[in-house]
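Note: hydrogens, waters and symmetry copies are ignored here, and every other heavy atom, side chains too, is used. Below, chains carry the letters A, B, ... as their sequence lines are ordered, and counting in each starts from 1.
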Number of protein chains: 2
Amino acid sequence: MNLSKTSKYAFRILVHMAKDEKALYSAQQLHQNIDVPERYLRRLLTDLSKSGFIKSIQGRQGGFIFARDISTITLLQIVESVDGLDSINECILGYDSCAFDYSCPMHDVWAETKMKIIDTLTKTSLKDIHNNRLEDF
Amino acid sequence: MNLSKTSKYAFRILVHMAKDEKALYSAQQLHQNIDVPERYLRRLLTDLSKSGFIKSIQGRQGGFIFARDISTITLLQIVESVDGLDSINECILGYDSCAFDYSCPMHDVWAETKMKIIDTLTKTSLKDIHNNRLEDF
DNA sequence: GTAAAATACTACAAACAAGTAGCATTTAAT
DNA sequence: ATTAAATGCTACTTGTTTGTAGTATTTTAC
């Protein structure tokens, strides 16, 4: 499993937005609340729009708002759209051939853990994430 | 969890060597058996020597051999020496502060999976890895 | 209709990871 | 001794990811 910094940023954005599911967030507003470089954040927001998680509203009172119900957006979908499925699914030894026609020496040892990772990412939607302790993330 | 390509290479090397625990392997020999760029492999072997997993024997009949019993070498130790512990332990949102004084919004959702990952890496030694199906890794 | 506040696009820059090259050193075979 | 085969060191090159900048476009307030 390989979670890029950009995927982590995407999580931060969408998890933050999920706190008030129906609200409209401007890039600036998000930047003030989560620690992601402003220009990079804006580019990422555009990408997340194109992926269909959120939609952008242009113009003076514009911003970003969820494009579909947050109970239908899973963590796996987010990683998949940013990093690609391979980043999660890849063999722990990095062998391309593993998992198709044969398995690598570490396959069995790692299989259960990998399953657990994929299972959690698949089953957890943005709706399932609740803030605890602090509100300032 | 973030496993660099280099960590995967390290796994390949050590897992391969573990097939014949007491044998001496030259860089060239390893290169012929596992798919890692030759010069990069050699540099990595030197690093793994310095980390104390293997020891190098210089000179004409030289090579690399395990420096300690492979039952004492865990996967976590290997990742730790190559990528650092942070790569495993890092918060899924990438927040530095998470896990110290407070927890991020995804902390609870991810905690169990993270535990599983660390647990598996901690409990699995090179001795525990057995080859299955194919021998040519 | 003009200005302000927002997103969109595209190119560039910096930082980091991965891979390569040259030469030095060590040791064994001959 | 000389040569061959191995590792050790250090610098360089390439590729990828992350971050920045400039300018265009869209829409609302006035």
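Between Phe64(A) and Lys55(A) the shortest side-chain heavy-atom distance does not fall below 4.5 Å.
Closest of all the heavy-atom pairs between Ser4(B) and Val82(B) is OG-CG1, 4.3 Å. Shown here for Leu93(A) and Met106(A), the closest heavy-atom pair between the two residues is CD2-SD, 3.7 Å. Nearest heavy-atom pair, Ala27(B) versus Arg42(B), reported as atom, atom and distance to 0.1 Å: CB-CG, 3.4 Å. When all heavy atoms are compared, the tightest approach of Leu126(A) to Ile78(A) is CD2-CD1, 4.1 Å. The minimum heavy-atom distance linking Cys91(A) with Cys104(A) is given by the pair SG-SG, 3.7 Å. In terms of heavy-atom proximity, Arg12(B) sits nearest to Asp35(B) at NH1-O, 2.6 Å.
Bracketed by its first and final contacts, the part of DNA chain C lying under 4.0 Å from non-hydrogen atoms of chain B reaches from dA18(C) to dA29(C) in 5' to 3' order. Taking a heavy-atom distance under 4.0 Å as the criterion, the stretch of DNA chain D touched by chain B extends 5' to 3' from dA4(D) to dA11(D).
For residues 59-70 of chain B, proximity to DNA chain C is found at Gly59(B), Arg60(B), Gln61(B), defined as any non-hydrogen atom under 4.0 angstrom from a strand atom. Non-hydrogen atoms lying under 4.0 Å from DNA chain C are contributed by Arg42(A), Arg43(A), all within residues 37-44 of chain A.
The backbone N or O of Pro37(A) lies less than 3.5 Å from no partner atom in the side chain of His31(A), so there is not a single donor-acceptor pair. Between the side chain of Ser51(A) and the main chain of Phe53(A), no donor-acceptor pair closer than 3.5 Å is present. Asn2(B) contributes no side-chain N or O that, together with a main-chain N or O of Ser87(B), makes up a donor-acceptor pair within less than 3.5 Å. Side chain of Tyr25(A) to main chain of Met17(A): a donor-acceptor pair is present (N/O by atom type, distance under 3.5 Å, no hydrogens or angles).
Comparing the local axis fitted to the first five base pairs of the helix from dG1(C)-dC30(D) to dT30(C)-dA1(D) with the one fitted to its last five gives a bend of 10°, rounded to 10°.
Linking Ile, Leu, Val, Met, Phe, Trp and Tyr residues whenever their side-chain heavy atoms come within less than 4.5 Å leaves Met1(B) and Met115(B) in two separate clusters.
By the 6.0 Å contact criterion, CD on Glu112(A) is open, its count of non-hydrogen atoms from other residues, nucleotides or ligands being 12 or less.
Within 4.0 Å of Lys50(B), counting heavy atoms only, lie sugar-phosphate atoms of the nucleic acid but no base atom. Note on Ser49(A): nothing from the nucleic acid sits closer than 4.0 angstrom, heavy atoms only.
Every residue two or more places apart in sequence or in another chain was checked for a ring pair (Phe, Tyr, Trp, His ring centres under 6.0 Å) with Phe66(B), and none qualifies.
One finds no salt bridge joining Asp47(A) and Arg43(A) here, because no Lys/Arg side-chain nitrogen approaches an Asp/Glu carboxylate oxygen to under 4.0 Å.
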